[in-house]
Amino acid sequence: MGPNSIYDRIQDRYGGMADRSSTGLQNKFEQNIAQSFGYEAADLCSIPRAANLGVSCGNPLALANLREGETVIDLGSGGGIDVLLAAKKVGPKGKAIGVDMTKSMLGLARKNAEKAGASNASFIEASIISIPLPDATADCIISNCVVNLVPTVDKHLAFNEMFRLLGPGGRLAISDILTRKELPQEVVNSLSFYVGCIAGASQVHEYERYLSEAGFKDIVIVDTHSDINIYKDLVQGQMDLGETGNQLKSAGCCGGAQGKNDTEGDLLEYDFNGWAGSFQIYAVKQ
């Protein structure tokens, strides 16, 4: 399972999610997942509904402590949920910049920003391991359930980019899936579980090493103990919708297996919390 096949599968899957969202075919699961991982209903109602794709594993903005006039970069910005909420916090003198490698996601996010009137929000097409922005661009970098999707061979590059893009004293606030133990081989070998945020997730000590080797200090990694089994509801709900003709076969961030074969279907019977969890990560560039 090489990095190119992983990137291609990620783009196919998330591109499909963006296309679905553009049609307005959404349901209650996206809202339930976002609120389960820390978003307030009032915040979700303040942005276009299509910005929330139900792929969060936390709320990095709750950790970021954004201030008026700051520049924030969101790595893997998707439909724009965190960029639009960040744009409100930094105000008209600040900037919120989203980075995503999927064209249809970028198109969706730009439409959402226009609909929200977020003139201080912008989006860049790029992989998060190589971003065409100058050094020390940002005061804060956020990311929500995306770093785990970067193939292991490239993961250090993502953390190096975060460090490069932050100015002195800058901080990162990330919500991500980390593993609690070594994963079963059938999960490691599953592309569905890779693009579903589990198979490619790092263990806590590995994540801390990536951050430290990139140059970050004051590293804090906290297990939120959120129930990531909630994604099973999204998987089942979208399968049910597909059966009625909407063809919504994709799963949420950690709903990895899509029932395409017996092995992956059986994996859905496992307790996801035994394998992995939602973590909050904070670090500083001194």
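- Between the side chain of Asp100 and the backbone N or O of Phe123 there is no donor-acceptor pair closer than 3.5 Å.
- Each of Ile174, Ile128, Ile97, Leu75 was scored for a side chain to side chain contact (heavy atoms under 4.5 Å, CB included) with Ile141, with one residue passing: Leu75.
- Rounding to the nearest 0.5 Å places CD of Glu182 at 13.5 Å from CH2 of Trp275.
- Residues Ile33 and Tyr39 have side chains not in contact (no heavy-atom distance under 4.5 Å, counting atoms from C-beta outward).
- You'll find the side chain of Ile221 reaches within 4.5 Å of the side chain of Leu178, heavy atoms only.
- When the side chains of ILVMFWY residues are joined at heavy-atom separations under 4.5 Å, either directly or via intervening members, Leu133 and Val72 end up in two distinct hydrophobic clusters.
- Residues Ser56 and Cys145 come closest through the heavy atom pair C-CB, 4.4 Å.
- Pairs passing the side chain to side chain donor-acceptor pair (under 3.5 Å) check and including a residue from residues 113-131, sequence neighbours excluded, read Lys103-Glu125.
- With rounding to the nearest 0.5 Å, the separation of CG in Leu106 from NZ in Lys111 is 12.0 Å.
- A donor-acceptor pair is defined here as one N or O able to donate and one able to accept, closer than 3.5 Å; such a pair exists between the side chain of Lys155 and the backbone of Val147.
- Asp227 has its side chain out of reach of Ser36: every pair of non-hydrogen atoms, C-beta onward, lies at least 4.5 Å apart.
- When atom types are taken as modelled, the side chain of Arg180 and the backbone of Gly274 share no donor-acceptor pair closer than 3.5 angstrom.
- Side-chain contact between Asp218 and Arg171 is absent, with no heavy atoms from C-beta onward closer than 4.5 Å.
- Under the 4.5 Å side-chain heavy-atom criterion for ILVMFWY residues, no single connected hydrophobic cluster contains both Phe37 and Leu85.
- Residues passing the side chain to side chain donor-acceptor pair (under 3.5 Å) test with Asp176, sequence neighbours excluded: Asn148, Tyr207.
- Counting only heavy atoms from C-beta outward, the side chains of Leu53 and Leu108 approach each other to under 4.5 Å.
- The two atoms that bring Arg164 and Asp135 nearest to each other are NH1-OD1, 2.8 Å, heavy atoms only.
- One hydrophobic cluster holds both Val146 and Phe216 under the rule that ILVMFWY side chains link at heavy-atom gaps under 4.5 Å.
- Residues Ser226 and Asn273 come closest through the heavy atom pair O-OD1, 3.6 Å.
- Side-chain atoms of Lys285 do not come within 3.5 Å of backbone N or O of Gly170 as any donor-acceptor pair.
- Within the 3.5 Å criterion, the main-chain N or O of Thr224 finds no donor-acceptor partner in the side chain of Ser278.
- Smallest separation of non-hydrogen atoms from Ile177 and Ala276: CG2-CB, 3.8 Å.
- Put simply, CG on Leu165 and CD1 on Ile73 are 4.5 Å apart, with the number rounded to the nearest 0.5 Å.
- Between the CE atom in Met101 and the OG atom in Ser77 there is a gap of 11.5 Å [rounded to 0.5 Å].
- Separation of atoms CD (Glu30) and CZ (Arg49) is listed at 7.5 Å; rounding is to 0.5 Å.
- Using a 4.5 Å heavy-atom cutoff, the side chains of Leu66 and Cys140 are in contact.
- Cluster annotation: Leu84 is not connected to Met105 through the hydrophobic network of ILVMFWY side chains, with a link wherever side-chain heavy atoms come within less than 4.5 Å.
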Exercise for the section: Check step by step if side chain to side chain contact (heavy atoms under 4.5 Å, CB included) holds for Leu172 and Leu211. Expected result: CA-CA 10 Å; Leu172 63 83; Leu211 288 164; 3.9 Å; yes

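- In this structure, the separation between OG1 on Thr179 and CZ on Phe279 is 8.0 Å, given to the nearest 0.5 Å.
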Practice task
Please assess Thr152 against Ser202 for the test side chain to side chain contact (heavy atoms under 4.5 Å, CB included), listing each intermediate value before the final yes or no.
Solution key: CA-CA 8 Å; Thr152 301; Ser202 305; over 6 Å; no

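- Hydrophobic clustering, with ILVMFWY side chains joined whenever heavy atoms are under 4.5 angstrom apart, keeps Ile142 apart from Val83.
- Side chain of Asn112 to backbone of Pro48: no donor-acceptor contact under 3.5 angstrom is found.
- Counting only distance, with no hydrogens or angles, the side chain of Ser212 and the backbone of Arg209 share no donor-acceptor pair below 3.5 Å.
- Smallest separation of non-hydrogen atoms from Pro60 and Ser175: N-OG, 3.4 Å.
- Between the side chains of Asn59 and Glu40, no donor N or O sits under 3.5 Å from an acceptor N or O.
- No option in Val55, Leu44, Asp74, Leu61 other than Leu44 meets the side chain to side chain contact (heavy atoms under 4.5 Å, CB included) test with Ile81.
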Practice task
Let me see the working for Thr71 and Val90 under side chain to side chain contact (heavy atoms under 4.5 Å, CB included), right down to the final yes or no.
Solution key: CA-CA 7 Å; Thr71 295; Val90 300; over 6 Å; no

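- When all heavy atoms are compared, the tightest approach of Val284 to Tyr282 is CG2-CE2, 3.7 Å.
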